[in-house]
*Asks:* 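Provided herewith is a single structure, encoded as structure tokens, for subsequent inquiry.
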Amino acid sequence: MKYKLEVVVWPNPRKRLEFKQTLECLVEDLHNCCSSLMINVSENGLNYTILAQWENSDQMRHTLRSNKFSILYGAIIGLCDNTVIRIDGKPAGNDIAKLLEF
């Protein structure tokens, strides 16, 4: 069974470039932390969808508590206006900091 995380974020319009640059800096390291990672930008550029998968729950927990994901959390908290989180397809709220509890 694979463990899946989906995070959809809407960066603040004035901070969209900064969010994009942060993701670009993190993407390689985040890729190395997951079994698979996809980051999609909507056609209108207003939101990003981050899809990550792991082989088991221990890998997922370890990654969600890693320094690289902490940087991503900070970028989301500081630069985004709205967030939607799903774990294994189930709604998990909109507070990115709650992922540290997994």
Side-chain angles (χ1 to χ4, degrees):
M1 175 179 176
K2 297 214 181 222
Y3 291 81
K4 299 175 189 176
L5 170 68
E6 178 183 7
V7 179
V8 183
V9 296
W10 286 263
N12 179 295
R14 293 181 310 265
K15 299 177 181 180
R16 221 175 262 138
L17 178 60
E18 188 177 349
F19 184 78
K20 177 184 175 200
Q21 291 170 333
T22 301
L23 270 183
E24 288 171 352
C25 289
L26 290 174
V27 72
E28 187 174 328
D29 289 327
L30 295 176
H31 245 296
N32 293 332
C33 297
C34 307
S35 299
S36 71
L37 177 74
M38 291 183 355
I39 299 174
N40 299 313
V41 182
S42 64
E43 285 185 31
N44 59 12
L46 298 179
N47 65 40
Y48 289 76
T49 301
I50 302 165
L51 301 165
Q53 281 191 145
W54 296 270
E55 297 299 321
N56 60 58
S57 61
D58 287 340
Q59 288 176 346
M60 183 174 107
R61 274 190 214 97
H62 177 73
T63 300
L64 294 178
R65 293 179 181 140
S66 71
N67 288 337
K68 296 303 175 186
F69 261 74
S70 292
I71 295 168
L72 178 61
Y73 299 152
I76 291 171
I77 290 167
L79 303 173
C80 296
D81 291 337
N82 193 18
T83 307
V84 173
I85 303 164
R86 292 181 196 91
I87 296 178
D88 296 328
K90 298 174 188 160
N94 61 1
D95 182 359
I96 197 73
K98 294 239 182 217
L99 290 179
L100 293 171
E101 298 172 5
F102 282 93

*Asks:* What are the two closest heavy atoms between T63 and C33, and how far apart are they?
*Replies:*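 The answer is OG1-O, 2.9 Å.
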*Asks:* Are any of the side-chain heavy atoms of C80 and N47 separated by less than 4.5 Å?
*Replies:*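 In short, these two side chains do not touch, never coming nearer than 4.5 Å.
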*Asks:* Which heavy-atom pair separates Y73 from L64 by the least distance, and what is that distance?
*Replies:*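 Taking Y73 first and L64 second, the nearest heavy atoms are OH-O, 2.6 Å.
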*Asks:* Starting from Y48, can I reach V27 by hopping between I/L/V/M/F/W/Y residues whose side chains sit under 4.5 Å apart?
*Replies:*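 Yes, V27 and Y48 fall within the same hydrophobic cluster.
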*Asks:* Same cluster or not: are I77 and L26 linked, directly or through other Ile, Leu, Val, Met, Phe, Trp or Tyr residues, by side-chain heavy atoms under 4.5 angstrom apart?
*Replies:*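 As far as the 4.5 Å side-chain criterion goes, L26 and I77 are connected within one cluster.
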*Asks:* Output the distance between atom CG (L30) and atom NZ (K68), rounded to the nearest 0.5 Å.
*Replies:*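 Here the interatomic distance stands at 8.5 Å.
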*Asks:* Looking at E24, I'd like to know if its CD atom is crowded, meaning that more than 12 non-hydrogen atoms belonging to other residues, nucleotides or ligands lie closer than 6.0 Å.
*Replies:*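 Yes, because the 6.0 Å sphere around CD of E24 holds more than 12 heavy atoms from other groups.
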*Asks:* Checking side chain to side chain contact (heavy atoms under 4.5 Å, CB included) against I96, which of L72, V9, V7 comes through?
*Replies:*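 Result: among L72, V9, V7, V7 is the only option passing the side chain to side chain contact (heavy atoms under 4.5 Å, CB included) with I96.
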*Asks:* Which heavy-atom pair separates T83 from I85 by the least distance, and what is that distance?
*Replies:*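 Taking every non-hydrogen atom into account, CG2-CG1, 3.9 Å.
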*Asks:* Quick one: closest heavy-atom pair of L46 and P11, and the distance?
*Replies:*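 The answer is O-CD, 3.5 Å.
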*Asks:* Roughly how far, to the nearest 0.5 Å, is the CG atom of L79 from the CD atom of Q21?
*Replies:*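 Rounded to the nearest 0.5 Å, the CD-CG separation comes to 10.0 Å.
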*Asks:* Parallel, tilted or perpendicular, judged at 30° and 60°: which one describes the rings of F69 and W54?
*Replies:*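 Tilted, since the angle between the ring planes falls between 30° and 60°.
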*Asks:* Say you draw a straight line from CD1 of I76 to OG1 of T22; how long is it, rounded to the nearest 0.5 Å?
*Replies:*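 Output value for this atom pair is 10.5 Å.
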*Asks:* D88 and K2: which non-hydrogen atoms are nearest, and at how many Å?
*Replies:*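 Where D88 meets K2 most closely, the heavy atoms are OD1-O, 3.8 Å.
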*Asks:* Kindly determine whether N94 and V84 satisfy side chain to side chain contact (heavy atoms under 4.5 Å, CB included), including the steps that lead there.
*Replies:* CA-CA 5 Å; N94 61 1; V84 173; 5.6 Å; no
*Asks:* Nearest 0.5 Å, what's the SG-NZ distance between C34 and K4?
*Replies:*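 Output value for this atom pair is 13.5 Å.
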*Asks:* Would you give the length of the straight line joining atom CG of N12 to atom CZ of R16, rounded to the nearest 0.5 angstrom?
*Replies:*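 The CZ atom of R16 is 8.0 Å from CG of N12, to the nearest 0.5 Å.
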*Asks:* Hey, what do you get for CG (D29) to CG (L37), rounding to the nearest 0.5 Å?
*Replies:*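 Answer for the CG-CG pair, D29 versus L37, is 11.0 Å.
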*Asks:* Among I50, T49, N40, find the one that has a side chain to side chain contact (heavy atoms under 4.5 Å, CB included) with V8.
*Replies:*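 It is T49, the one option of I50, T49, N40 that forms the side chain to side chain contact (heavy atoms under 4.5 Å, CB included) with V8.
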*Asks:* Hey, are S35 and Q53 close enough side-chain-wise for a donor-acceptor pair under 3.5 Å?
*Replies:*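 No, no side-chain donor-acceptor pair sits under 3.5 Å.
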